[in-house]
Amino acid sequence: MREKVAMTPEEVLPARAAVLRAMGVPEGTEPDTRVIGMADQGVAMMTKLAKPVGLVMAISHEEFETVYQGEGRNEPDTPLNQLFPKATQLALYAVTVGDAVSARISKLFDTDDFTVGVALDAAASEAAELAARVAETFYRDYLVRHHRLDSSQATLAFSPGYCGWHISAQRALFARLQPDDIGVRLNPSCLMAPLKSISGVIVAGPKEIFEFEDDFPFCSDCRTRECRERLENVRNQ
Amino acid sequence: MEILQQISERLQKGDAAAVGELTGAAIEQQLAPKRILDDGLLAGMAVIGDKFKRHEIFLPDVLLAAKAMYAGLDLLRPLMIEEGIPTVGKVVLGTVQGDLHDIGKNLVGIMLKGAGFEVVDLGKDVAPERFLDAAEESGAGIIGMSALLTTTMPTMKKVIDLARERGLFGKVRFLIGGAPVSADYAKEIGADAYCFDGVKAVECAKAFTKAS
């Protein structure tokens, strides 16, 4: 299975609170009305410029082992290393919100319109995350339609560069998935273009396999600990 | 002087229009441009920096204040050039070769300008020798490098090693920043400081400029 995932800008429209958070305004804070205006402007601009699209491709455990190992630079143990052997299904994915957004962000900074630039950057980052969730839902729906996922199971996505999975594994991932079909390319430094793109693997399996503590050695360097929120979402699937 | 206090206060409120008007009025009153800069604009940005460090305000508030700062600076700049008034210091900034992330670097540049520094922004994907060439050409005493990938951060070491080869190590200070970078990494590669945000970058740049 290898399918493009069509998306509309509305499907990846981030909530104002999420954009404010991405702009550095902590939750529970009452921002100035101008700051709220900045966030709204970022979202409005993103909606006009974004051309979100995704790609999902099923992959066997054996093939994924090769992708996961990449260039052999992963941490010795990682959440994904523990999870994927227990998965019932695996799929590689890539999503992007498109080139136009990144180009506009650069232009805004070039013209010292940095308040809008920061807001658009935040909105686009959140939109890319939402696009990844759309791709994950697409794959989940595909599995349900083909009777390969039921209510006792869930999905969770991982990306190279996080949680001990070395970023250099992007090269193996891109070689296998070939997301240039949707306009996503990888540079020699493993940087994706367009910048607001995400790639990784979607792991599907029984809900109970998706439990891990954030006490790996590399967790101490993590600034977000968003894995806790993601695991909560898995429990609610 | 009341008008300078007003400039500082309106800057802190992010009122770019008012800062522009008041700065124009201060110039008409024939106040010295350096005084308007130091006691009006920079004084206001210093309060903003302190509030940001204490988490009383957040990045968007800082940016609104910076925009107000720019409104005043735009009027003062030609006068300062005419009078030969130097800036606080010069900083070369760039995202290292192979990396295209520049939001963080851009924000550091905004904060440095807001603190009175002249910034030579080389942009993204900057080759190691360009950092040093720019520092030598501009007379900058500080080079700031940004990297957001573990695959690109080794280039920071290349720049510093090249500085050693060219006899610039110790003459130019190196600030580094970006998500995968740390204070330990700065020490490891011989950088002078790791700056986790623009406020820290301004602090370090001021300290290094005073010391030189």
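In what follows, chains are A, B, ... by sequence order, proteins preceding strands, each numbered from 1.
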query: Counting only heavy atoms not in B/Glu56, do more than 12 sit closer than 6.0 Å to its CD atom?
result: yes

Relative to chain B, which segment of [X] carries a heavy atom at a distance below 4.5 Å: side chain, backbone, both, or neither?
X        : result
A/Met23  : both
A/Ile167 : side chain
A/Ser102 : neither
A/Ile105 : side chain
A/Asp110 : neither
A/Asp221 : neither

Tell me yes or no: between the side chains of [X] and [Y], is some donor less than 3.5 Å from an acceptor?
X        : Y        : result
A/Ser199 : A/Gln170 : yes
A/Lys51  : A/Thr96  : no
A/Ser125 : A/Glu129 : no

- prompt: With a cut-off of under 6.0 Å to the ring centre and 45° to the axis, is A/Arg176 in cation-pi contact with A/Phe64?
  reply: no

- request: Please say whether the positively charged group of A/Arg228, taken as NZ for Lys or CZ for Arg, lies over the ring of A/Phe212, i.e. under 6.0 angstrom from the six-membered ring centre and within 45 degrees of the axis.
  value: yes

NZ/NE/NH1/NH2 to OD/OE distance under 4.0 Å, B/Lys67 and A/Asp112: no

query: Does a side-chain N-to-carboxylate-O contact under 4.0 Å join B/Glu9 and B/Lys13?
result: no

task: Heavy atoms only, distances under 4.5 angstrom: which of B/Leu100, B/Leu148, B/Leu107 has the most pairs with chain A? Name it, please.
output: B/Leu100

field: Pairs of heavy atoms under 4.5 Å with chain A: top-ranked of B/Asp102, B/Asp121, B/Ile110, B/Ile57
entry: B/Ile110

Toward chain A, the part of B/Leu64 with a non-hydrogen atom under 4.5 Å: both

Which one, [options], leads in non-hydrogen pairs under 4.5 Å with chain B?
options                      : answer
A/Ser168, A/Pro188, A/Ser189 : A/Ser189
A/Gly24, A/Pro26, A/Gly117   : A/Pro26
A/Arg73, A/Met38, A/Arg34    : A/Arg34
A/Asp121, A/Asp113, A/Asn187 : A/Asp121

- request: Would you please name every residue forming a ring-ring contact (aromatic ring centres under 6.0 Å, His included) with A/Phe114, sequence neighbours left out?
  value: B/Tyr70

